[in-house]
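Have a look at the structure below, then the notes.
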Amino acid sequence: MQYKKIKDILNGQLTGNIITCAGWVRTRRDSKAGFSFIELNDGSCLKNLQIITDSQTEYNKNSIKDITTGSAVWVTGMCEKSPGQGQACEIKAQKIFLLGSAGSDYPLQKKNHTLEFLREITHLRTRTNTFSSIARIRNLLAFEIHQYFQNKGFLYLQTPIITASDCEGAGAMFRVSSLPFGSDYSVQNDFFGQEAFLTVSGQLEAETWACALGQVYTFGPAFRAENSNTPRHLAEFWMLEPEMAFYELEDNMNLAEDLVKTLCRAVLAGAPDEIAFFTERYDKTLFESLNKISMPFCRISYTEAINILEKADENFEFKPGWGTELHTEHEKYLTAHTAGPVIVFDFPASVKPFYMRCSEDGKTVRAMDVLLPRIGEIIGGSQREERLEILLARMQECGINTEHYRWYTDLRRYGTVPHSGFGLGFERLVQFITGMQNIRDVIPFPRHPGRAGF
RNA sequence: UCCCCGAUAGCUCAGCUGGUAGAGCAAAUGGCUGUUAACCAUUGGGUCGUAGGUUCGAGUCCUACUCGGGGAGCCA
């Protein structure tokens, strides 16, 4: 079926033509003399298209009364300038075909619904302004991510989702097994002949490609079995992980900062209606904070950050001190203090995983976290330890079986190079860019403790 | 996993110190010469999250559980 997108119709270029469009009815208003107004949305843009029907309009079955909220229709009619307020053009319907009706039990009413309620109807919330806007922004961001790295000559790499690495340095993992539930489990009888898990990160695998192809990036799902119940955590989420040979920590930070700025700019340019919508409805400061992102990110070492926190006139629940983790309250203080994004680098080795490069001071590693206002940590990365002896010593320190990671340490045995990379939580980026407060609202089908269905 | 808050009509909520339920919106019907979360009128709609307990009597008090929200931990 040939039909025009509402986005293109509202651009006004089709005015004066007889066209066909298709979509879902948001609402209908009737008036006497056979006049009715249908608000039609097809997901191509935030705005609805107004369809006017009168006594001349033909229907494939029944009548205007059956064109209810939620119904799917296709409409043929004349695209005209609208005499009414609120829209430049509208369709004077000649024919309306009801493709699929929606009864009075259709859950989405023409009123505001709470996000909590919409989470319970994950399969239908896509029909709302909020969730269709999120979908368009996710799409735009994913496309821009590929374009950004392709323009820089990075290779798009697919790392495995099933992994045997039982210790990638991040959180609890989901086990993968083909054996029936409740059977006497033995690894020998299982599908892979060894324990297998869903990946928590493609980083280690990405390093093998970076150390052959130069600069690569992965963009795919990651899984964490942590029992985390917060508006910032998911059990299944999407992660972008660039990995670059010949990059040191400063190059890594430059890339991360430029990437975040480029993506924010792209959304401001590519989805202005959506950003205006989110600013109006969810966070009045959103537009302003996205614009402010073009200013240089504040960069401070972990040691400086601790100094700032120790001097702060703030009653922290966790006392800041050199060698301790930065807690949420500390991150919030730092981003509020500088009124923008902050990159913290050179963390104590004791709070970071084995693969990060040890500094000359013998105490810190070349790690960096990008912290955003409202969101907290959006990027975590580091320069990787490329010196074999130091890496092996660190692995032993962390209690990691070096034999299981022979393939990883081989990269240091043969033609080792300085290299760096980071991981960006895609949903946290979408949260930052939309102003949505709960991460469960920025992924199509959220998975978290106690929920894997619709 | 820990702390706090919540669960009453399809949705959002009210329901006081215990006396068996109410509003707005939605829906259905009717009215209204172009509306724009249209408007006006009428009607229908509820084992008050689940299971126990206290009481003559529980939406209301107590306990446990389930689910949801906020904060924390862990992290992207």
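Numbered from 1 within each chain, the chains take letters A, B, ... in sequence-line order.
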task: Look at all strands and tell whether A/F237 reaches a base, only sugar-phosphate, or nothing, counting heavy atoms closer than 4.0 Å.
output: base
message: I'd like to know if A/Q109 reaches the base of B/G10 with its side chain such that a donor and an acceptor end up less than 3.5 angstrom apart.
response: yes
task: Indicate whether any N or O donor in one side chain lies under 3.5 Å from an N or O acceptor in the other, for A/T364 and A/D346.
output: no
message: Side chain of A/M239, heavy atoms from C-beta onward: which of B/A38, B/C11, B/A76 has the nearest atom to it?
response: B/A76
query: Within 45 degrees of the axis of the six-membered ring of A/F316 and under 6.0 Å from its centre: does A/K319 put its NZ or CZ there?
result: no
query: Would you call the rings of A/W74 and A/F97 parallel, tilted or perpendicular, where under 30° means parallel and over 60° means perpendicular?
result: parallel
query: So what does A/E90 hit on the nucleic acid, given a heavy-atom distance under 4.0 Å: a base, only sugar-phosphate, or nothing?
result: base
task: Return no unless some side-chain N or O of A/R29 is found under 4.0 Å from OP1 or OP2 of B/U35.
output: no
message: Suppose we call a contact any N or O donor and acceptor under 3.5 Å apart; does that hold for the side chain of A/S228 and the base of B/C74?
response: yes
field: Residue mapping more 5' on RNA chain B - nearest nucleotide basis, A/D369 or A/K65
entry: A/K65
- request: Go through the N and O atoms of the side chain of A/R428 and the base of B/C75, and report whether any donor-acceptor pair is under 3.5 Å.
  value: yes
statement: Whole-Å distance, A/N229 CG to B/C3 P, equals 14 Å
task: Describe the nucleic acid contact of A/E329 in one word from base, sugar-phosphate, nothing, applying a heavy-atom distance below 4.0 Å.
output: nothing
- request: To the nearest Å, give me how far apart NE2 (A/H327) and C1' (B/G71) are.
  value: 14 Å
message: Between P on B/G34 and CD1 on A/I38, what's the gap in Å once rounded to a whole number?
response: 16 Å
message: As a test of reading the structure: which of B/A28, B/C74, B/U36 is closest to the side chain of A/S104, going by heavy atoms?
response: B/A28
message: What's the gap between B/A64 and B/A72 when it is taken at their P atoms, as a whole Å value?
response: 26 Å
field: Phosphate OP1/OP2 of B/G73: any A/T328 side-chain N/O under 4.0 Å
entry: yes
- prompt: Atom NZ of A/K7 and atom CG of A/L46: how far apart are they, to the nearest 0.5 Å?
  reply: 12.0 Å
- prompt: Closer than 4.0 Å, any side-chain N/O of A/R119 to the OP1 or OP2 of B/G69?
  reply: yes
statement: Closest to the side chain of A/P231, out of B/A72, B/U12, B/G70, is B/G70
message: If I pick the C1' atom on B/U50 and the same atom on B/G6, what distance separates them, to the nearest angstrom?
response: 16 Å
- prompt: Is A/Q437 atom CD crowded by more than 12 heavy atoms from other residues, nucleotides or ligands, each under 6.0 Å away?
  reply: no
task: Please work out if A/N227 contacts a base, only the sugar-phosphate, or nothing of the nucleic acid, heavy-atom cut-off 4.0 Å.
output: base
field: A/R366/A/E385 ion pair, N-O < 4.0 Å
entry: no
task: Using a heavy-atom cut-off of under 4.0 Å over every strand shown, decide if A/S82 touches base, sugar-phosphate, or nothing.
output: base
- line: A/K111 atom NZ is separated from B/C11 atom P, nearest whole Å, by 9 Å
Spacing between A/E116 atom CD and B/C13 atom P, to the nearest angstrom: 8 Å
message: Looking only at the side chain of A/H448 (C-beta and beyond, no hydrogens), which of the listed nucleotides B/C75, B/G34, B/G68 gets closest?
response: B/G68
message: Treating A/T27 as the side-chain partner and A/K110 as the backbone partner, does any N or O pair qualify as donor plus acceptor under 3.5 Å?
response: no
- prompt: Of the nucleotides B/U36, B/G71, B/A38, which has the atom closest to the A/K110 side chain?
  reply: B/A38
Pairwise C1' distance for B/G18 and B/U1, with rounding to whole Å: 37 Å
query: Where along residues 274-287 of chain A does a heavy atom fall under 4.0 Å from RNA chain B?
result: none
field: Nucleotide of B/C74, B/U36, B/A76 approaching A/E325 most closely (side-chain heavy atoms)
entry: B/C74
field: Rounded P spacing from B/A58 to B/G49 in Å
entry: 15 Å
field: Aromatic plane relationship, A/Y405 with A/Y408 - under 30° parallel, 30 to 60° tilted, over 60° perpendicular
entry: perpendicular
query: Checking all strands, does A/G84 fall into the base, sugar-phosphate, or nothing category for heavy-atom contacts under 4.0 angstrom?
result: base
task: Send over the distance from A/I52 CD1 to B/U35 C1', rounded to a whole Å.
output: 8 Å
query: Within less than 4.0 Å of OP1 or OP2 of B/A38, is there a side-chain N or O belonging to A/T27?
result: yes
- request: With heavy atoms under 4.0 Å as the rule, sort A/Q87 into base, sugar-phosphate or nothing.
  value: base
task: Report the relative orientation of the aromatic rings in A/F149 and A/F154; use parallel for angles under 30°, tilted for 30 to 60°, perpendicular for over 60°.
output: tilted
message: Classify A/P107 by what it touches in the nucleic acid, base, sugar-phosphate, or nothing, heavy-atom distance under 4.0 Å.
response: nothing
task: Pick base, sugar-phosphate or nothing for A/T114, based on heavy-atom distances below 4.0 Å to the nucleic acid.
output: sugar-phosphate
- request: Tell me what A/R440 touches on the nucleic acid: a base, only sugar-phosphate, or nothing, going by heavy atoms under 4.0 Å.
  value: sugar-phosphate
query: With a 6.0 Å cut-off on ring centres, are A/H146 and A/Y217 close enough?
result: yes
- prompt: Looking across every strand, which nucleic acid part, if any, lies under 4.0 Å from A/L424 by heavy atom: base, sugar-phosphate, or nothing?
  reply: nothing
task: Could you tell me whether the side chains of A/R232 and A/N438 share a donor-acceptor contact shorter than 3.5 Å?
output: no
message: Counting the atoms with a prime plus P, OP1 and OP2 as sugar-phosphate, which does A/H233 contact under 4.0 Å by heavy atoms, base, sugar-phosphate, or nothing?
response: base
message: Pairing donors with acceptors under 3.5 angstrom, does anything connect the side chains of A/E207 and A/Y355?
response: no
query: Looking for any heavy atom pair under 4.0 Å, which part of the strands does A/K332 touch: base, sugar-phosphate only, or nothing?
result: sugar-phosphate
- request: Check the distance between B/A27's P and A/Y106's OH and give it to me in whole angstrom.
  value: 12 Å
- request: Ignoring backbone atoms, test whether A/N438 places a side-chain nitrogen or oxygen under 4.0 Å from the OP1 or OP2 oxygen of B/G70.
  value: yes
- prompt: Which is true for A/E317 with a 4.0 Å heavy-atom rule: it touches a base, it touches only sugar-phosphate, or it touches nothing?
  reply: nothing
query: Within the modelled atom types, does a donor on one side and an acceptor on the other bring the side chain of A/Q85 and the base of B/U35 under 3.5 Å apart?
result: no
field: Rounded distance (Å) that lies between atom P of B/C75 and atom CE of A/M173
entry: 15 Å
query: Between A/F318 and A/E39, who's closer to the 5' end of RNA chain B by nearest nucleotide?
result: A/E39
field: From B/U36, B/A37, B/C11, nucleotide with atom closest to A/H113 side chain
entry: B/C11
message: Roughly how many Å apart are B/A37 and B/U12, using the C1' atom of each and rounding to a whole number?
response: 14 Å
